[in-house]
Amino acid sequence: QVQLVESGGGLVQPGGSLRLSCAASGLSFSSVNMAWFRRAPGKEREFVAHITSNSGYTNHADSVKGRFTVSRDNAKNTLYLQMNSLKPEDTAVYYCAAESIYVKSNYRYWGQGTQVTVSS
């Protein structure tokens, strides 16, 4: 029943920007911590950013800190990832995920991902 649908990916030049969205349904979005992950070609999935249910706390991976900003609009049941100053190394499939309300750090629900390609 829970669905997470990412959108906003695409092809951009280095230094460009993209804003990813994750539309959530089937869960009490405002009660759930959310996160972004990514998987680059040939690499394992890696953490990108995390945000608590009420936006009271955010955390970003060192590799994206200062360039990416995670946010959410609970009224719209939507998670966002603003990506600025994009680098080729940011090329990956980006996934949103919902943290289990029962077990912290266990991301129970995942979207299908959206491709971000940074290339000149």
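Residues V2 and G26 approach most closely at CG2-O, 3.2 Å, considering heavy atoms. The heavy-atom pair separating L18 from G8 by the smallest distance is CD2-O, 3.7 Å. Considering all non-hydrogen atoms of both residues, F47 and H60 come closest at CE2-C, 4.2 Å. For the pair A24 and L4, the tightest heavy-atom approach, listed with the atom from each and the gap, is CB-CD2, 3.5 Å. Closest of all the heavy-atom pairs between E99 and S105 is OE2-N, 2.9 Å.
Residues passing the ring pair (Phe, Tyr, Trp, His ring centres under 6.0 Å) test with Y107, sequence neighbours excluded: F37. The salt bridge (Lys or Arg N to Asp or Glu O under 4.0 Å) search around E89 returns none, not counting sequence neighbours. Take D73 and apply the side-chain contact (heavy atoms from CB on, under 4.5 Å) test, not counting sequence neighbours, and it matches A75, K76, Y80. For I101, the side-chain contact (heavy atoms from CB on, under 4.5 Å) criterion is met by V32, not counting sequence neighbours. Judged as a side-chain contact (heavy atoms from CB on, under 4.5 Å), and not counting sequence neighbours, the contacts of N77 are F29.
Listed by first and then second residue, the disulfide bond (SG atoms under 2.5 Å apart) pairs involving residues 31-63 amount to none (not counting sequence neighbours). Residue pairs satisfying the side chain to side chain donor-acceptor pair (under 3.5 Å) criterion with at least one member in residues 109-120, sequence neighbours excluded, are listed as follows: Q115-T117. Pairs passing the side chain to side chain donor-acceptor pair (under 3.5 Å) check and including a residue from residues 10-28, sequence neighbours excluded, read S17-N84. Residue pairs meeting the disulfide bond (SG atoms under 2.5 Å apart) criterion with at least one partner in residues 28-64, sequence neighbours excluded, do not occur; the list is empty. Applying the salt bridge (Lys or Arg N to Asp or Glu O under 4.0 Å) test to pairs two or more places apart or on separate chains, those with a residue in residues 45-71 are R38-E46, D62-K65, R67-D90. A disulfide bond (SG atoms under 2.5 Å apart) check over residues 38-76, counting only residues at least two apart or in different chains, returns nothing. Listed by first and then second residue, the disulfide bond (SG atoms under 2.5 Å apart) pairs that reach into residues 87-120 are C22-C96, sequence neighbours excluded.
For the atom pair OG (S71) and CG (L79), the distance works out to 7.0 Å, reported to the nearest 0.5 Å. To the nearest 0.5 angstrom, T58 atom OG1 is 11.5 Å from R72 atom CZ. To the nearest 0.5 Å, atoms CD1 (I51) and CG (N33) are separated by 9.0 Å.
Between Y95 and V48, every side-chain heavy-atom pair lies at or beyond the 4.5 Å cut-off. Counting heavy atoms from C-beta outward, H50 and V70 have side chains that stay 4.5 Å or more apart. Taking 4.5 Å as the limit, every side-chain heavy atom of F68 sits out of range of all side-chain heavy atoms of Q82. Between T91 and V116 there is no side-chain heavy-atom pair separated by less than 4.5 Å.
Panel note: side chain S100, backbone K104; no donor-acceptor pair is recorded below 3.5 Å.
For N106 and R108, the side-chain atoms include no donor-acceptor pair closer than 3.5 Å.
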Checklist entry - Where do M83 and V64 land on the side-chain contact (heavy atoms from CB on, under 4.5 Å) test, with the steps shown first? => result CA-CA 8 Å; M83 307 187 296; V64 306; over 6 Å; no
